[in-house]
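See structure below.
Residue numbers start from 1 in every chain, and the chains themselves are labelled A, B, ... in the order their sequence lines are given, proteins ahead of strands.
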There are 2 protein chains.
Amino acid sequence: MADRAQPRRKRPTMIDVAQHAGVALRTVSRVVNNDPTVGAEFVNRVRTAIAALGYTPDERARQLRGRRSGLIGAAVRNLPAGHPVLSSLDAAAREHGFTVLAMATADEEDREREVVTSMFGRHLDGIVLEPVGENHQYLSRELDAGVPIVAFDRPAGGITVDTVISDNAAGIGTAFRHLRTHGHRRIAYIGDAERIFTGRERAAAFRACVAASGESITGLVHPGLIEPARIAAALETALLGPSPATALITGNASATIEVLRHLGSTAAKPAIVGFDDFPLANLLHPGLTVIAQDSDTIGRTAIDLLQHRIDDHTRPVQTVTIGVGLVVRGSGERPPPD
Amino acid sequence: MADRAQPRRKRPTMIDVAQHAGVALRTVSRVVNNDPTVGAEFVNRVRTAIAALGYTPDERARQLRGRRSGLIGAAVRNLPAGHPVLSSLDAAAREHGFTVLAMATADEEDREREVVTSMFGRHLDGIVLEPVGENHQYLSRELDAGVPIVAFDRPAGGITVDTVISDNAAGIGTAFRHLRTHGHRRIAYIGDAERIFTGRERAAAFRACVAASGESITGLVHPGLIEPARIAAALETALLGPSPATALITGNASATIEVLRHLGSTAAKPAIVGFDDFPLANLLHPGLTVIAQDSDTIGRTAIDLLQHRIDDHTRPVQTVTIGVGLVVRGSGERPPPD
DNA sequence: TTGAAAGCGCTAACAG
DNA sequence: CTGTTAGCGCTTTCAA
């Protein structure tokens, strides 16, 4: 509380430091940037003055003069709710000497645009984007200007950028075969809407699996919004029809949770393999068998691609597909009722 | 892929736009900032030039000249792992016309300092901080300079700033009374280390509850690191001693999860009330009864305090305590064995 | 209503 | 090794 009321003191600038130390502006700049060609005596004087005045460099001015900012923008859907990739992005970026500046797109296209535009305006060293929607043409100008951009989780539409995605088809295939191995013939899929890239890919892969198995697909595929009523209806169709499913594949973590919630108030005990792992999946009874994305590798790969693009903006654009794993915990190994 | 190889085109500046439109620099600036005192004809010419060149203002230069940045920094422990407050911070900030720039402190003091210093250097409009460690004296200079800072979840040590915290003592009290009401006499606490503020507050509140109840406290209070071995040992002491506990209060979400995990491989079925709610708490059997923090109100309050501080940097510093709630789901209503 | 010129705080050429 | 001098791209006095 001390002196909050005193006249807002102006922050000292490099000039103030130079005067205080009795040296030229340039010398202060050299000391601040650890230029080795400064005499020990001068370094000392400047350091003392900096400490005395409490000087901190103004990043805005510094960068205006055209240095790298050391900042990578991460435009992600949500900041909080289980964004495992963001933490590995952050860790990997740190190892490359970058700081991650995260902003949420709230899964809205307009918001994404605002966020990314604001990042451009700040001249960050690069941008990692979890694209929302289908059209990212608005990025093409910056792309041409050489701004490094990497997309992850879903591709950016209408532009060609380095991209990191999970092997969704392989994941669905693995889940399907796992359930078949455990004796299931009627397997249903409940997942996200197909206007979302991952929802589309996973539903398509599932349809291909069913077709290859020779089963009739009727009543088995349920893409759509993740909301209680829709999920309840999908479950009813899948589990109570004339040729009911004995096993489920859920298309993402939200779908899994909604399905489990609904099943909790039901007698039905289908086998379940969920797409996406989540922290508490092993506390359930039985534990939830999942297809786990390798979020750590996704994050690291995104940063690697960005670093390469920063180093050479002419290198060929690359799409990297990251493998997924099956984590067996019990829910996917329940046999079908005889 | 089109033309990635072409010579990196320089981004157009305001001067380029002015030349292209055949007007003065100042006029372009006026148009960009929606200054109404510009002739319609000029506005048109400038707008056309902007579109033709794909001009975007350079925020760095803009802010260097001393405007508000519209950015609020959020220095939080982790970006991903269940940070509910961050999302409400983001939402509330947006309503105030701010964008949240989130950076992770990784719960390391040095890292926090780096992050916050970098935020200062960027001259953000304010900073919301989840403090790490005990000493935040290094902030006092900026504080005196009038930079608005708000702490949440834990107080910042050694400085006086607006603060938002949950009513930890009330939460523990509620949990304790709830378990007593359900017949428990021996209630144990397993929580975070006491060098952490919330760990300290909750353990202290728990001790006070036990003392008030007249029970002996021996073997009941277990603060410390959240790691399997320590939790296992604590559980053993609490549940298998000469006067065993029949109910548990866990000090935070990590502790709860570790406790549940351990109990899963055990015959013991104590009643449990966890501090902190988490997404899947209601999928467990029985559902987990928790003390839930009001993260939404915490986030909104932090932004409100920041806004007020921005509007008037002389106003008295304020600490706001946010109430917590009891969510009954089953685990906390188990009776003690007779 | 529009324009010319002076900086914001800093780094980068170029001299001394 | 150190100092002087231009700007970076923009906003802002102050004139026209």
Nearest to the side chain of [X], heavy atoms from C-beta on, is which of [options]?
{"X": "A:Asp58", "options": "D:dC10, C:dT2, C:dC10", "answer": "C:dC10"}
{"X": "A:Asn33", "options": "D:dG9, C:dG9, C:dT11", "answer": "C:dT11"}
{"X": "A:Leu64", "options": "C:dG3, C:dT11, D:dC8", "answer": "D:dC8"}

[X] has an atom [atom1]; how far is it from atom [atom2] of [N], in whole Å?
{"X": "B:Asp35", "N": "D:dT12", "atom1": "CG", "atom2": "C1'", "value": "12 Å"}
{"X": "A:Leu25", "N": "D:dT2", "atom1": "CG", "atom2": "P", "value": "15 Å"}
{"X": "B:Glu59", "N": "D:dG9", "atom1": "CD", "atom2": "C1'", "value": "11 Å"}
{"X": "A:Arg62", "N": "C:dC8", "atom1": "CZ", "atom2": "P", "value": "19 Å"}
{"X": "A:Met14", "N": "C:dA12", "atom1": "CE", "atom2": "P", "value": "11 Å"}
{"X": "A:Leu53", "N": "C:dG9", "atom1": "CG", "atom2": "P", "value": "14 Å"}
{"X": "A:Asp16", "N": "C:dC8", "atom1": "CG", "atom2": "C1'", "value": "13 Å"}
{"X": "A:Ile15", "N": "C:dT11", "atom1": "CD1", "atom2": "P", "value": "12 Å"}

Compile the donor-acceptor pairs under 3.5 Å between side chains in residues 113-121 of chain B and protein atoms, sequence neighbours left out, one pair per line.
residue, atom, partner, partner atom, Å
B:Glu114, OE1, B:Arg111, NH1, 2.9
B:Thr117, OG1, B:Arg113, O, 2.6

Item to check | DNA chain C: 5'-proximal contact among B:Gly22 and B:Ala61 (nearest heavy atom) | outcome: B:Gly22

Checklist entry - For A:Asp110, does the CG atom have more than 12 heavy-atom neighbours from other residues, nucleotides or ligands under 6.0 Å away? => result no

Next on the checklist: At less than 3.5 Å, do the side-chain atoms of A:Arg65 and the base atoms of D:dG7 form a donor-acceptor pair?
Outcome noted: yes

Checklist entry - Within the modelled atom types, does a donor on one side and an acceptor on the other bring the side chain of B:Arg30 and the base of C:dT2 under 3.5 Å apart? => result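 Side chain to base: pair found, below 3.5 Å.
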
Checklist entry - For A:Thr37, which contact category applies under a 4.0 Å heavy-atom criterion: base, sugar-phosphate, or nothing? => result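 Base, at least one base heavy atom under 4.0 Å.
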
Next on the checklist: Base, sugar-phosphate or nothing for B:Val38? Non-hydrogen atoms, less than 4.0 Å.
Outcome noted: sugar-phosphate

Next on the checklist: Within the 4.5 Å heavy-atom criterion, are A:Val17 and A:Leu53 side-chain neighbours or not?
Outcome noted: yes

Item to check | Contact under 4.0 Å: B:Thr27 side-chain N or O vs C:dT2 OP1/OP2 | outcome: no

Checklist entry - Counting just side-chain N and O atoms, does B:Arg26 come under 4.0 Å of either OP1 or OP2 of C:dT2? => result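 No, because none of the side-chain N or O atoms of B:Arg26 sits under 4.0 Å from OP1 or OP2 of C:dT2.
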
Checklist outcome for this item: From the list A:Thr48, A:Ile50, A:Val43, side chain to side chain contact (heavy atoms under 4.5 Å, CB included) with A:Val46 holds only for A:Ile50

Checklist entry - Among B:Asp162, B:Thr314, B:Asp304, which residue meets the side chain to side chain contact (heavy atoms under 4.5 Å, CB included) test with B:Arg309? => result B:Asp162

